[in-house]
Amino acid sequence: MLNLLFVVFLSPLLGFIVLSLGRGRISQNLATVIGVGSIGVSALVTLGAGIQLLSHMPADGAYTQVLWQWMEVGSFTPRFALRLDGLSLTMCGVITGVGFLIHLFASWYMRGDEGFTRFFSYMNLFVASMLFLVLGDNLLFLYFGWEGVGLCSYLLIGFWYQDPANGSAARKAFIVTRIGDTFMAIGLFLLFRELGTLDISQAMATAPGHFEVGGNTVTAIAFLLLGGAVGKSAQLPLQTWLPDAMAGPTPVSALIHAATMVTAGVYLIARTRVLFELAPLALHWVGIIGAVTLLIAGFTALVQTDIKRILAYSTMSQIGYMFLALGAGAWQAAIFHLMTHAFFKALLFLSAGAVILACHHEQDIFKMGGLRKKLPLPFWSFIVGGGALCAVPYLTAGFYSKDEILWQAYAGGHLNLFLAGLFGAFLTSIYTFRLIFTVFFGKEHSAANSGHGLAYTLPLIVLLALSTFIGGQIHLPLALVLPAGPGEGGGADETKIALLSGSVAVIGIALAALLFLGERKFVKWLKNSTLGAPLAAFFGAAFGFDWLYDKLFVQPFLWLVRVNKSDYLDRAIMAGAGSLQSLNGVLTKTQTGRIRWYAASVALGAVLVIAVAVLS
Amino acid sequence: MILIWLFMVPFIGGLLCWQIERFGVTLPRWVALTTMFIVLVLSLYLWHTGDYSQTLLGSHGNGHWVEQFSVPWIPQLGISFSFGLDGLSLLMVVLTGLLGLMAVACSWKEIARNVGFFHLNLMWNLGGVIGVFLATDLFLYFFFWEMMLVPMFFLIALWGHNIPGGTSRVFAATKFFIFTQASGLVMLVSILSLVFVHYRATGTLTFAYDALLHTPMSAATEYWLMLGFFVAFAVKLPVVPVHSWLPDAHSQAPTAGSVDLAGVLLKTAAYSLLRFAVPLFPHASVSFAPVAMWLGVIGIIYGALLAFSQNDVKRMVAYTSISHMGFVLVGIYAGTEQALQGVVIQMLAHGISAGALFILCGEIQERLHTRDLREMGGLWANFSYLPPIALFFAAASLGLPGLGNFVGEFLILLGSYKAAPVVTIFATSGLILAAVYSLMLVQRAFLGKPKNNEKLSDLNAREVVTVVTLMLLLLGLGLYPQPVLDLSRASMAAVQEIYQSGSEPLAAASTTTTMGSP
C-alpha cells in the first residue's frame, strides 16, 4: 500500500478536477459520490499505508516517495516528494478520516444548494492541499499546501458569494493569514541562506551543527516560522480572522476552521522542532502566545451569542493549549490534543450545523432553547463533545489530552503556563455549558425539525464515539518523530494534577448550571452592573483587536490609496509637459507678423550680446 | 538563416494581411494566425534542435551564440545586419509567438474596422519585438527598438477605446510614444558614445555587441553610459516614476494591443537589461544595483497601492503589471543564480497571466460594454466559465504556488535575500499587497449581488481554447519549470558571472582613465 501513497492526495485532486469540469452538468447524487467517495478512497489508502508503515517501520522512521524534481536552480533543488512518518501519518489520518465524515455530513447539509457541486470541488481541493502540507518532505512543498489551503479557505468562507459580508470575511481570512505566510516565506529565505536546503529532514539534521543554541539567526528563523504558524492557527496577534470565518457553511467550519487547517501551525512547529529547540526564546514565546490566546479566547467566548462564534473562540482557545504544550516541550501531547480536538470539535460543529438547519438558519443561541427533545442526536453530541471540550475527567477524549498537557507543563516547571491552562479549563467549562444549557434547556423558543438519513447520523455517531474515552485510548506512533515530554513515565504528582484539572472542569460545569439554568438572575444583574457592562462589551469585542488593527493598518492603507488615487507621480511628470505647453503658448504670442517688432527684438538681442561680450 | 525568417515572417505576413483584406474580411485574421503559428513552430523547432547548455559571453573573451547570422550593412560605420540566439532570446521569441497567436485570436470579433491594416500593425510590432530579441548589433537593435514603437502607436490611436470622461486614445498613444521615444533617444546617445569610446580605445569603429562587450573605459564614463541605457529600459519596463504611460496606454488600447504590451513589449526592457545594460557596463551595474533594487521595491509597492484604487479594470491590471515588473527589476540586479532564473520564469509567467487577464477584460467588455468595476459585481451568477477562469488568473497574480508566478517570485526573493536582505524583506511585502488587490478585483467584478439575473453569453470555443491554453502553460511553469530553467541556465549563468567579476576592482580602468568621456 505504501507505494500507492500518492493516491492519498491524487484522489481528492481528481475529485476536484472532475467536479469543477462537470459544474452544472452533473447531478447532486453523482457529485456526492465523487466528492465524498474521493475522500473515502483517500482514507482507505491512508489506513493501508499506515498499517504497512507501522508493521514494517523503516530504520529512520519514515517512508519517502519521490514524485518528480520540481526545479533545479543551482543549489536550490526542491522536489515533489511525500514523506510518511508517525507525525504525518497522524495528520493524514485526521484529515482523511474526519474529513470523510464531514464530507458525508456535508452531502446532507448542503443538499439543494445551488452551488452543491462547486462546494464539493472546493472541499476536495482543500483536502488535497492539506495533504500536500502534511506530506511534503521539503518546506517549499509544505508552503505549497500551506497557501493552497489558504485559498480553499478563502473560497469556502465566501462560498455564498452574493452576500458581500461573506466576501469580506473571506478576504480578511486570506489576507491576515497571508501576512503570517509572508513572515514564514522570509524565514524560508533565511533558512535557505544558512543551510542551503529546504529539505526538512536534511535541514533538521544539519541545523544543530550549524547554529549554536540561542543564536540570533536561528532565533530569527524560529520567530519567522512562528509568524506563519500564528497566522494559520489564529493565535495572537493574527487571530482576528477566525471568528469572521464562520461566515462559511458549517461543514467548512468543522473541516477547515476546527479540525484541520487551523492546526497547521501546530504541525509546522512540531515539524521544525529542532529549530525551535535551538531557539529557546522562540519556544518560550510559543508557550506564552498559546497561554495568552487561550485566556483571551476564553473570556471572549463567555459573552458571545452566535453559536458558531462561540465554537470559533473555543477552537482558538484549544489551539492555544496546543501551542502551550509545544512551548512546554510536550510535543507528543500537543499532537495528541490536536487529534482529540479534531474529533470533538468536528462533532460540535456538525451538530451545531444540524441545530442551525433545524432552526432555519438561526445562529443566535438566545433565540433557541429547549431543543433537547426535538433534536436528540445533536443534543447528545453536544453533551459528549462539550464534555470533551471541557475535559470531563476519565469519560471524554479531551480529558486525556488536556490533562496530559497540563501535567507536562507542571512537570516541566512551567508553572505560569500550567496555571493559565488550568484557569482556561475553568473558563472553557463555563462558556461551553452556557451554550448547551441555553440551546437545549429552558423554554422552547423556535420550531425545529430534525434531520435524518445515514449521511446525517453516521458522522455524528462515529465522532461522538471518538470523543468519548475511546478516542483518548488511541496511541499515536510519534515516538520516532517527537521526543518524550518532561513528565513522561509519570511522577508522584500526576494523579493529583489529573484530579485537580478534572475537578476544575466539573466545578466550571456546576457553576455554569447555577448561572444559566433557570432564571439567570445573577447573570442579568452582572450584565447590567457598572463594572460588568463595560467588561462584557470589551469581551464581546474580543478585546478590541479588530478595532485596533482597523485604526493601525486598514485605515492608513485606505487613506494612502485614496490620497494617491490619481497617481501624483504621473501628475508631476505631466506637469512638465504642461509647462512646455504654456511656454509654447507664450512663444507663439511673439510671432505677431509685425516687422517692426521683429526688427526691435533683433536690435535688442544684438545689444544684449554685445553688452555681455564687452562686460565679461 | 532561420533567424532571419523569425522576424521576416511577421513582416511579410503583415503586408499580406494588409493586401488580402480586399478579398475578404476574415482572410487577414487567418493570415495573421498562420504567421504567428509559423513563428511559434520555428522557435519551438530551434528549441528542439539546439544545444543551449553552453555558457555565453564568459567573463573573458567572446562566447558563442547557438545560432547566428551576419552580413555587412553599412561597413564604413561598422554596422552589420547580425543576429544571434541563445536560450534567453529563444524563450522570449517563443513567448512572443505564443502571445502573438493569442492576440490575433482575441481580436477576432473585437476589431471590425480596417482589419487588414490592424493586422499589419500587429504583425510589424511583433516582428520588431522579435528583432529586438535577436539583434546583436547595437545599431540594428536600436532600429528594431524604434520599429516596434510606431505600429503600437497606431494600434492604440486607431483601434483604441475612448473612455467617456477619460483621456482619449490619441492622447494615450501620444503619451506612450513620447515617453518611449524620448528615453530611446537617450539610449541612442549612449550607444553612439559607447561606440566612440570603443573606437578611441581600439581604433575600430563597430556596433557589434560581441566587440563592445569588454570596452575599456573609466568608471565615470561607464556609469553615465549605463544610465543612458537604463533610462530607456526603465521607461519601457516600466519603473516608477516613469511608469504612467502604461495605465493610459492599456486602458485605451484594444485587447490585442494590451496583450502585446503587457505580455511582450514590457519584456523587451527586462531582456535588454539582461542582455545589454548589465553585460556592457558590468562595474557600473554592480555599483548601481542597490539603487535599481530599491526602485524595484518602490515599483512593487506603488503599483500595488494604485492597482487597489482603480475602477477601470484594465487600468488596474496595468498597475499590477508595474508591481510585478518591480520583482523583475529586483531580481535582475540581485544577480544571484536563483534570482536571475526567477526573473526568466517571472517574465514568462507574467506575460501569460497578464495577457490572459487582459483577454478576459476584453471579453467582459464585449459583453457588458463597460470596464468600470463599479458597474460590475455578482458576475459569478451571469456566467458559468468566465468567473472561475478569471479567479484562476487572479490567483496566479497573487502568487499562488503551483502556478508560474509563484516560482518566479519565490526564486527572485530567495535569490535576492542572499544579496540584499533588507530590500528583499520590503519586496516580500508585495505578496500581501498582491493578495489585497487580486481578491478585491475578484470581489468587485464577480462576487456580491448580481446586478441582474440574465445569463450573459458565455465564452465561445475560440475564447475557451485561448484561455485554457494559457492556464495549462501557467500550471506547467508552476509545477515543472525545469525545461525553461535548463534553456536559460547558460545565459543567466553568464550574467551571474558578470556580477561576480563586476564586484571586483576595475582592472581595466587604470589603463584607460586618461581617455575620459567623448
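Every chain is numbered from 1, with letters handed out A, B, ... down the list of sequences.
Comparing Ser244(B), Ala435(B), Pro247(B), Gly448(B) by heavy-atom pairs within less than 4.5 Å of chain A, the highest count is held by Gly448(B). Heavy-atom pairs under 4.5 Å with chain B were tallied for Arg118(A), Met71(A), Glu147(A); the largest tally goes to Met71(A). Residue with the most contacts toward chain A among Leu485(B), Leu400(B), Leu306(B): Leu306(B) (heavy-atom pairs, distance under 4.5 Å). Put simply, of Arg562(A), Met574(A), Glu114(A), the one with the most heavy-atom pairs under 4.5 Å next to chain B is Met574(A). When each of His243(B), Gln341(B), Gln496(B) is checked for heavy-atom pairs under 4.5 Å with chain A, His243(B) comes out on top.
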In sequence, state the C-alpha distance, the side-chain angles, and the governing distance for Val442(B) and Arg171(A), and then conclude on side chain to side chain contact (heavy atoms under 4.5 Å, CB included). CA-CA 10 Å; Val442(B) 172; Arg171(A) 277 201 312 286; over 6 Å; no

Does the side chain to side chain contact (heavy atoms under 4.5 Å, CB included) test come out yes or no for Val242(B) and Ile573(A), once each step is laid out? CA-CA 8 Å; Val242(B) 284; Ile573(A) 286 185; 4.3 Å; yes

Test side chain to side chain contact (heavy atoms under 4.5 Å, CB included) on Asp181(A) and Leu431(B); report intermediate values, then the result. CA-CA 9 Å; Asp181(A) 300 353; Leu431(B) 295 180; over 6 Å; no

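Only the side chain of Phe192(A) comes within contact range of chain B, with heavy atoms under 4.5 Å apart. Looking at Phe410(B), both its backbone and its side chain come within 4.5 Å of chain A, counting heavy atoms on both sides. Contact annotation for Leu479(B): both backbone and side-chain heavy atoms come within less than 4.5 Å of a heavy atom of chain A. Heavy atoms of Gln338(B) lying under 4.5 Å from chain A belong to its backbone as well as its side chain. Residue contact with chain B, scored on non-hydrogen atoms closer than 4.5 Å, involves the side chain of Phe80(A) exclusively. Met492(B) does not touch chain A: none of its heavy atoms, backbone or side chain, sits under 4.5 Å away. With a 4.5 angstrom heavy-atom cutoff, Gln69(A) touches chain B only via backbone atoms. Proximity to chain B involves both the backbone and the side chain of Ser75(A), based on heavy atoms less than 4.5 angstrom apart. With a 4.5 angstrom heavy-atom cutoff, Leu190(A) touches chain B via backbone and side-chain atoms both. Within the 4.5 angstrom heavy-atom criterion, no atom of Trp146(A) approaches chain B. Heavy-atom distances place no part of Thr336(B) under 4.5 Å from chain A, backbone and side chain included. Of the atoms belonging to Pro388(B), it is side-chain heavy atoms, and not backbone ones, that fall under 4.5 Å from chain A. Using a 4.5 Å cut-off between heavy atoms, Leu340(B) does not touch chain A at all. Interface residue Leu305(B): backbone and side-chain heavy atoms are both found under 4.5 Å from chain A. Using a 4.5 Å cut-off between heavy atoms, Gln310(B) contacts chain A through its side chain alone, with no backbone atom that close. Looking at Leu398(B), the atoms closer than 4.5 Å to chain A (heavy atoms on both sides) sit in the backbone and in the side chain alike. Heavy atoms of Leu151(A) lying under 4.5 Å from chain B belong exclusively to its side chain.
Of residues 125-138 of chain A, not one residue has a non-hydrogen atom less than 4.5 Å from any non-hydrogen atom of chain B.
The CD1 atom of Ile425(B) sits 7.5 Å away from the CG atom of Leu224(A) when rounded to the nearest 0.5 Å. To the nearest 0.5 Å, the span separating CG on Asn564(A) from OG on Ser309(B) amounts to 7.5 Å. Note that CZ of Phe189(A) and OG1 of Thr424(B) are 7.5 Å apart. Values are rounded to the nearest 0.5 Å. Note that CZ of Phe446(B) is 12.0 Å distant from OH of Tyr161(A), once rounded to the nearest 0.5 Å. Atom CG of residue Leu433(B) and atom CD1 of residue Ile175(A) lie 9.5 Å apart, to the nearest 0.5 angstrom.
Around CZ of Phe177(B), the count of heavy atoms belonging to other residues, nucleotides or ligands within 6.0 Å exceeds 12. A 6.0 Å sphere centred on CH2 of Trp559(A) holds no more than 12 heavy atoms belonging to other residues, nucleotides or ligands. Around atom CZ of Phe76(A), more than 12 heavy atoms belonging to other residues, nucleotides or ligands sit under 6.0 Å away.
The two residues Ser168(A) and Gln443(B) have their closest heavy-atom pair at N-OE1, 4.5 Å. Minimum heavy-atom separation, Arg193(A) to Pro421(B): NH1-CG, 4.0 Å. Residues Leu188(A) and Leu414(B) share a closest heavy-atom pair of O-CD1, 4.4 Å. The two residues Arg178(A) and Gly399(B) come nearest to each other via the heavy atoms NH2-O, 3.6 Å.
Between Tyr437(B) and Val561(A), every side-chain heavy-atom pair lies at or beyond the 4.5 Å cut-off. Contact annotation: the side chain of Lys449(B) never approaches that of Pro164(A) to less than 4.5 Å [non-hydrogen atoms, C-beta and beyond].
Taking Phe557(A) as the reference, Phe308(B) meet the ring pair (Phe, Tyr, Trp, His ring centres under 6.0 Å) condition, with sequence neighbours excluded.
The closest donor-acceptor contact from the side chain of Glu72(A) to the backbone of Gln482(B) lies at 3.5 Å or more, if one exists at all. Between the Trp70(A) side chain and the Gly478(B) main chain, a donor and an acceptor come within less than 3.5 Å of each other.
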